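Take a look at the structure below.
Model, not experiment: these values are computed from the prediction. Both counts, for ligands and for their atoms, begin at 1 and track the order of listing.
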Amino acid sequence: MKAILYTQYGPPEVLRLTDIPEPTPRDNEVLVKVRATTVTIGDTIMRSFNLPISGVQKLMARLFLGWSKPKRPILGMELSGEIEAVGRKVTRFQPGQAIFASTFAVDFGGYAEYKCLPENGVLALKPARLSYEEAAAVPGAGMTALHCLKKGKIQPGQKVLVYGASGAVGTNAIQLASRHFGADVTGVCSAANLELVKSLGANRVMDYTRQDFTQDGATYGVIFDAVGKLSPVKGKQALKPSGIYLNVHADSDGADKVENLNLLKELVDTGKLKPVIDRVYPFEQIVEAHRYVEAGHKKGNVVIKIG
Ligand SMILES: NC(=O)c1ccc[n+]([C@@H]2O[C@H](COP(=O)([O-])OP(=O)(O)OC[C@H]3O[C@@H](n4cnc5c(N)ncnc54)[C@H](OP(=O)(O)O)[C@@H]3O)[C@@H](O)[C@H]2O)c1
């Protein structure tokens with residue numbers, strides 16, 4: 001099968017389209033013919049080893065990712081596709097079903113024509129109203145936004161501010177805060193994305209290059225930094241006294257759960273959530289896709305079409 005491998009850390013050009021053997025599912029696994037995956041900022045960070053951390057944390061990350069070269073040479077933390085075959089003990093899925101999944105806990109691997117997933121992993125039937133390209137973009141950023149916002153214990157009508165509202169996590173957070181939790185949502189993004197963020201359900205939008213949300217007197221029950229670019233001191237300045245401050249870096253551990261994916265599927269099925277797709281690249285243009293994502297200005301998600 002074709003797969004995109006990286007065997008050394010470095011610029012986008014370290015990603016190489018290569019032929020490798022197709023995997024065989026174990027008894028409890030399904031074999032997925034991958035139709036689409038994504039390029040996230042996380043993929044570009046793992047590829048370059050340009051981590052926004054230092055000291056012991058960076059050392060630990062190097063041990064996890066691979067000291068001298070990457071331990072997990074196929075990136076891609078989410079995917080959509082069709083079940084091609086199932087292991088002997090699989091009961092929940094059948095060949096021919098369309099699924100979407102997170103590969104976060106199974107060594108990644110979305111950048112390949114086939115991937116084996118445990119049937120009890122973070123996978124679910126693909127929402128029928130989404131294309132494969134759209135469905136691949138839901139799991140990672142969707143579960144992250146959902147998990148963080150759950151910690152906010154949001155009440156209907158409560159004022160919630162989402163900072164970094166135009167990214168993959170932010171575009172999910174705006175829709176979930178507004179259409180699932182019923183909050184009164186303010187989205188903070190750059191001028192080019194104001195209309196997009198409004199269309200996702202924000203009641204108010206603010207351009208962070210012209211306005212400082214901590215200086216207009218408004219206060220919020222929940223402030224969620226969905227892009228991780230605010231200092232906590234700054235982020236907490238516009239909180240109400242009992243308000244909750246959430247940060248995508250500090251609060252996203254534990255997001256990767258099948259219950260979260262199932263809830264996202266339900267929200268997609270009922271029209272409350274739709275992934276925002278900025279660009280779709282063919283498999284062969286993975287280098288260009290990484291360059292674009294790494295620049296840091298994508299709107300929502302960047303998808304790689306495989307099958
Ligand atoms: N995506 C995932 O699946 C996932 C999962 C877990 C954790 N995370 C983490 O969550 C963070 C956000 O990820 P993401 O995928 O949502 O990022 P992203 O999509 O790459 O974020 C890019 C967006 O952020 C906006 N932006 C850039 N600088 C900004 C600033 N200073 N203030 C406000 N907005 C700014 C950009 O638009 P402008 O430049 O036009 O403002 C662009 O729309 C990352 O640290 C990532 O590692 C992501």
Side-chain angles (χ1 to χ4, degrees), residues 37-53 57 61 65 75-80 100-105 108 110 122 135-149 151 161-176 186-197 199-200 202 205-214 223-231 234-235 246-257 260-261 264 273 275-279 289-304:
T37 184
T38 59
V39 177
T40 65
I41 196 76
D43 292 329
T44 69
I45 290 171
M46 286 190 282
R47 189 213 71 232
S48 62
F49 203 75
N50 190 7
L51 300 175
I53 47 174
Q57 271 185 316
L65 292 174
L75 292 167
M77 291 189 269
E78 53 196 343
L79 59 81
S80 65
F100 68 144
S102 162
T103 60
F104 186 72
F108 319 133
V122 184
V138 173
M143 291 193 292
T144 301
L146 179 62
H147 181 78
C148 290
L149 289 176
K151 291 187 175 180
L161 180 135
V162 176
Y163 185 86
S166 57
V169 178
T171 50
N172 279 283
I174 292 285
Q175 296 180 75
L176 293 169
T186 299
V188 183
C189 57
S190 65
N193 297 316
L194 293 171
E195 284 311 312
L196 166 70
V197 172
S199 75
L200 299 174
V205 285
M206 242 184 252
D207 172 3
Y208 70 87
T209 65
R210 290 169 177 268
Q211 278 173 286
D212 180 342
F213 74 88
T214 66
I223 293 179
F224 175 33
D225 178 1
V227 74
K229 300 231 171 163
L230 285 176
S231 75
K234 177 90 185 165
L246 301 163
N247 178 296
V248 70
H249 294 148
D251 292 298
S252 60
D253 273 3
D256 196 54
K257 287 189 192 129
N260 284 339
L261 190 65
L264 294 175
L273 182 70
V276 172
I277 308 296
D278 182 343
R279 294 185 180 182
H290 265 244
R291 271 194 212 121
Y292 181 63
V293 172
E294 201 158 43
H297 306 294
K298 73 176 163 66
K299 302 170 201 292
N301 301 275
V302 166
V303 172
I304 303 295

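- Among all heavy-atom pairs drawn from Gly235 and Leu230, the shortest one is CA-CD1, 4.0 Å.
- Checked options Thr40, Val227, Val248; the residue passing with Val169 is Val248 (criterion: side-chain contact (heavy atoms from CB on, under 4.5 Å)).
- A salt bridge does not link Lys298 to Asp278: none of the charged nitrogens lies less than 4.0 Å from a carboxylate oxygen.
- Closer than 4.0 angstrom to ligand 1 by heavy atom are Ile41, Gly140, Ala141, Thr144, Tyr163, Gly164, Ser166, Gly167, Ala168, Val169, Ser190, Asn193, Tyr208, Ala226, Val227, Lys229, Val248, His249, Gly296, His297, Lys298, Gly300, sorted by chain and number.
- Atoms CD1 and CD, from Ile41 and Glu294 in turn, are 7.0 Å apart once rounded to the nearest 0.5 Å.
- When only modelled atom types and interatomic distance are considered, Asp256 and Ser102 share a side-chain donor-acceptor pair under 3.5 Å.
- To the nearest 0.5 angstrom, Thr144 atom OG1 is 10.0 Å from Asp253 atom CG.
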